[in-house]
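Here the structure comes first, spelled out in structure tokens, and everything after it is commentary.
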Amino acid sequence: MSGVLVAGGAVAALFASTFSAQGAAPMTDAPSERITVNIQTINGSGCRAGTAAVAVSEDNTAFTVTYSDYLAQVGVGASPTDFRKNCQLNLGVHIPSGFTYAIASVDYRGFAHLEDGATGLQKAQYYFQGSSQTASETYDFDGPYSDNWHTSDDTEVAELVYAPCGEQRNFNINTELRVGAGESDPRRSTSFMAMDSTDSAVSTTYHMTWLRCDTN
């Protein structure tokens, strides 16, 4: 079976407690001018330099992060430190003048193989540069499990809070994968969780929503 989890608390709490869009008009379509999202810094055992990439959708409504070497594992073939992997990204989000944005929802995807008795964990934390407020969400998985997994955070429209108009705020993303042997036998088997791009459909997607800034 697929691991599909849905939660709304983390994103709502984050963007309702950070910045408000002063002088912004009601919700509008995404700008036609292309936006860019660049990795400013990258750190962590799950995303060595060169193993993460960012792409923006053609319609400017989302950006995706893909990883090529993000795997946590325990058991046969695993080193003692492989049970936990993490990635810290600092993203520069450059948007056209006259617009501001918020993150409306986030989808995380990967693949997991957990032996009977083993456990897995996926955690995400994200915040705007300059904000003392952070939000995180943790999802637990129990073996036996061998399938794609998907977790999702969603924000109600009324709770969306946008970055301030006319200011550049980098977006920080911290993620973590963790696997525990639990009651399984790590001498005879391997359990793992991956969030990598071996499948082109496996990526993290950040869905954006837009406002037009009042320039008067």
Side-chain angles (χ1 to χ4, degrees), residues 1-11 14 39 41-55 62-91 103 105-127 134-154 171-207:
M1 64 179 179
S2 297
V4 180
L5 303 176
V6 179
V11 175
L14 169 63
I39 298 176
T41 60
I42 179 171
N43 293 286
S45 57
C47 58
R48 294 174 294 105
T51 64
V54 180
F63 63 89
T64 60
V65 181
T66 56
Y67 306 91
S68 60
D69 190 23
Y70 201 161
L71 176 93
Q73 61 180 337
V74 295
V76 178
S79 71
T81 59
D82 283 345
F83 78 96
R84 177 186 179 273
K85 294 296 178 73
N86 74 299
C87 182
Q88 301 177 359
L89 298 176
N90 178 272
L91 304 180
I103 303 298
S105 62
V106 187
D107 293 311
Y108 291 90
R109 290 183 171 86
F111 186 87
H113 174 81
L114 302 174
E115 293 290 323
D116 191 10
T119 61
L121 174 147
Q122 182 258 322
K123 183 177 181 179
Q125 182 185 59
Y126 19 82
Y127 56 96
T134 62
S136 63
E137 194 69 52
T138 301
Y139 302 95
D140 296 307
F141 296 81
D142 296 317
Y145 186 98
S146 188
D147 204 344
N148 295 320
W149 58 265
H150 170 211
T151 62
S152 182
D153 292 334
D154 297 283
F171 188 56
N172 295 280
I173 302 169
N174 297 330
T175 57
E176 177 183 343
L177 294 178
R178 188 180 301 184
V179 178
E183 298 178 356
S184 68
D185 187 351
R187 298 168 299 179
R188 298 177 178 272
S189 61
T190 303
S191 294
F192 67 87
M193 285 194 70
M195 186 160 57
D196 60 33
S197 56
T198 54
D199 180 342
S200 61
V202 176
S203 60
T204 303
T205 305
Y206 296 82
H207 301 276

For Cys47 and Gln88 the tightest heavy-atom approach is SG-N, 4.0 Å
ring-ring contact (aromatic ring centres under 6.0 Å, His included) partners for Phe63, two or more places apart: Tyr206
With Leu114 as reference, evaluate Thr190, Asp142, Thr119, Val179 under the side-chain contact (heavy atoms from CB on, under 4.5 Å) test and give the passing residue. Val179
Heavy atoms only: give me the nearest Thr51-Arg48 pair and the separation to one decimal. OG1-O, 2.6 Å
Applied to residues 70-79, the salt bridge (charged side-chain N to carboxylate O under 4.0 Å, His left out) test, sequence neighbours excluded, yields none
Do Phe171 and Leu89 make a side-chain contact, defined as non-hydrogen atoms from C-beta onward lying under 4.5 Å apart? no
Give the intermediate values and the outcome of side-chain hydrogen bond (donor to acceptor under 3.5 Å, both in side chains) for residues Asp147 and His113. CA-CA 7 Å; Asp147 204 344; His113 174 81; over 6 Å; no
For the residue pair Asn172 and Leu91, establish whether any side-chain heavy-atom pair is separated by less than 4.5 Å. no
As an exercise, state the distance from OH of Tyr108 to OH of Tyr139, rounded to the nearest 0.5 Å. 8.5 Å
Residues Asn86, Glu176; criterion side-chain hydrogen bond (donor to acceptor under 3.5 Å, both in side chains); working and verdict: CA-CA 4 Å; Asn86 74 299; Glu176 177 183 343; over 6 Å; no
Of all heavy-atom pairs between Pro144 and Asp116, which one has the smallest distance, and what is that distance? CD-OD1, 3.4 Å
With rounding to the nearest 0.5 angstrom, report the NZ to OG1 distance, Lys123 to Thr151. 13.5 Å
Check whether more than 12 heavy atoms from other residues, nucleotides or ligands sit under 6.0 Å from atom CZ of Arg84, and answer yes or no. yes
Applying side-chain contact (heavy atoms from CB on, under 4.5 Å), can you list everything that pairs with Ser184, at least two apart in sequence or on another chain? Glu115, Ala118, Ala181
Answer yes if the side chains of Thr205 and Asp107 hold a donor-acceptor pair under 3.5 Å, and no otherwise. no
Donor-acceptor under 3.5 Å (Trp149 side chain, Ala194 main chain): yes
Taking every non-hydrogen atom, the tightest pair across Gln73 and Gly77: NE2-O, 4.4 Å
Gap separating the CD1 atom of Ile173 from the OG1 atom of Thr175, nearest 0.5 angstrom: 8.0 Å
One should read off an interatomic distance between His207 NE2 and Ser105 OG, to the nearest 0.5 angstrom, of 4.0 Å
At their closest point, which heavy atom of Tyr70 faces which heavy atom of Cys87, and how far apart are they? OH-N, 3.4 Å
Just how far is it from atom OG1 of Thr66 to atom CE of Met195, taken to the nearest 0.5 Å? 11.0 Å
Please report the interatomic distance CZ(Phe111) to CG(Leu71), rounded to the nearest 0.5 Å. 11.0 Å
For the pair Ser191 and Tyr145, evaluate side-chain hydrogen bond (donor to acceptor under 3.5 Å, both in side chains) and give the outcome as yes or no after the intermediate values. CA-CA 9 Å; Ser191 294; Tyr145 186 98; over 6 Å; no
